[in-house]
Amino acid sequence: MRDMELSDGVVTLSPLRLDDVDAHLAGEDEQLVRWLSGGPGTRAGVEKYIAHCTEQWAADGPLRAFGIRAGDRKVLAGTIDLRFDTAALAPGQVNIAYGLYPAWRGKGLATHAVALVRGYAAVAGATQGVIKVDPENGASVAVARRAGFTYLKQVAEADGTLFNWYVHDLRGAQPQD
């Protein structure tokens, strides 16, 4: 899976790799920490996470973490991951989480990345994509809507954090859809 790539000509998705650590740390900002990671990354922490992602790819595990790459040089612009075993999801549902680094926001790249992983998730067995968004994160809500997801419900996590769920039927989706 290490050489696997999904591309629509605008973005290319490929598994995160250890040589992405510097670009990730350089791109991480307050918004990425607030909406996605929950805390600032450290070199050791990011290396450990990417090593875990690599193990998940090798074992065909429930986590598939992609780098979102842009331009001819396929520069790391952010990340998108699929989690096939997230608590509160029903069988067949997959959680989709994404984040872009500041220089790459507002260019439609996250919408393209979500569209690419929909087809991949369907082939991997998912029947419904779920994007859980903090109601205050307007940019992420906009990505979900542009990618064809519709609002389903608001759910309180165990810690009391509220998330709006946006869903998309993946049955019949094909890679590159």
Side-chain angles (χ1 to χ4, degrees), residues 1-17 20 32 35-38 49-50 52-70 76-100 107-177:
M1 281 294 175
R2 203 75 173 120
D3 297 327
M4 195 260 316
E5 285 190 349
L6 304 172
S7 183
D8 65 358
V10 176
V11 297
T12 300
L13 306 181
S14 61
L16 285 173
R17 50 189 189 250
D20 290 328
L32 200 61
W35 302 123
L36 189 64
S37 65
Y49 175 72
I50 292 176
H52 173 70
C53 294
T54 301
E55 292 166 5
Q56 289 288 294
W57 279 104
D60 202 25
L63 168 63
R64 311 292 162 76
F66 295 90
I68 301 171
R69 302 174 195 286
L76 187 67
T79 65
I80 186 166
D81 66 46
L82 301 172
R83 293 182 187 264
F84 291 89
D85 70 344
T86 301
L89 294 185
Q93 289 182 317
V94 61
N95 188 72
I96 302 170
Y98 45 84
L100 290 174
K107 302 175 187 322
L109 302 181
T111 303
H112 281 270
V114 170
L116 283 171
V117 297
R118 280 193 326 239
Y120 176 87
V123 170
T127 57
Q128 187 177 59
V130 177
I131 296 175
K132 299 189 302 184
V133 181
D134 183 307
E136 295 181 18
N137 187 345
S140 193
V141 169
V143 168
R145 288 183 175 152
R146 281 193 309 269
F149 285 67
T150 57
Y151 175 81
L152 176 66
K153 61 184 175 181
Q154 188 171 78
V155 175
E157 298 282 310
D159 66 359
T161 304
L162 293 177
F163 285 98
N164 289 343
W165 282 32
Y166 292 83
V167 297
H168 193 291
D169 186 355
L170 301 178
R171 291 173 288 212
Q174 300 295 315
Q176 312 291 317
D177 269 3

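This is a predicted model, so every value here is computed, not measured.
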Heavy-atom closest pair, residues L162 and P135: O-CD, 3.3 Å

Side chain R118, main chain G148, donor-acceptor under 3.5 Å: no

Separation of L16 CG from D81 CG (nearest 0.5 Å): 8.5 Å

Value rounded to 0.5 Å, distance of CD1 in I131 from OG in S140: 6.5 Å

Pairwise side-chain contact, Y98 with F66, heavy-atom cut-off 4.5 Å (strictly under): no

Y49 to A65 - nearest heavy-atom pair and separation: OH-CB, 3.9 Å

Steps toward side chain to side chain contact (heavy atoms under 4.5 Å, CB included) verdict (V94, L170): CA-CA 10 Å; V94 61; L170 301 178; 4.1 Å; yes

Test item: side-chain donor near acceptor, Q128 and D169, under 3.5 Å: no

Residue pair M4 / Y120: nearest heavy atoms and the distance that separates them: CE-CE1, 4.2 Å

Side chains of C53 and L63 in contact at under 4.5 Å (non-hydrogen atoms): yes

Separation of I68 CD1 from L100 CG (nearest 0.5 Å): 5.0 Å

Spatial distance of atom CD (Q56) from atom CG (L82) [nearest 0.5 Å]: 12.0 Å

Minimum heavy-atom distance P15-D20, with the two atoms named: O-OD2, 4.4 Å

Taking every non-hydrogen atom, the tightest pair across V11 and D8: N-OD1, 2.9 Å

Interatomic distance, T150 atom OG1 to R145 atom CZ [nearest 0.5 angstrom]: 10.0 Å

Minimum side-chain heavy-atom gap E5-R69 below 4.5 Å: no

Minimum heavy-atom distance between N95 and L89, given as atom pair plus value: N-CD1, 3.5 Å

For L116, the option from I80, T12, V10, L13 that meets side chain to side chain contact (heavy atoms under 4.5 Å, CB included): L13

By side chain to side chain contact (heavy atoms under 4.5 Å, CB included) - contacts of V155 (at least two apart): K153, W165

Pairwise side-chain contact, H168 with V114, heavy-atom cut-off 4.5 Å (strictly under): no

H112 NE2 to R146 CZ distance, which is reported to the nearest 0.5 Å: 9.5 Å

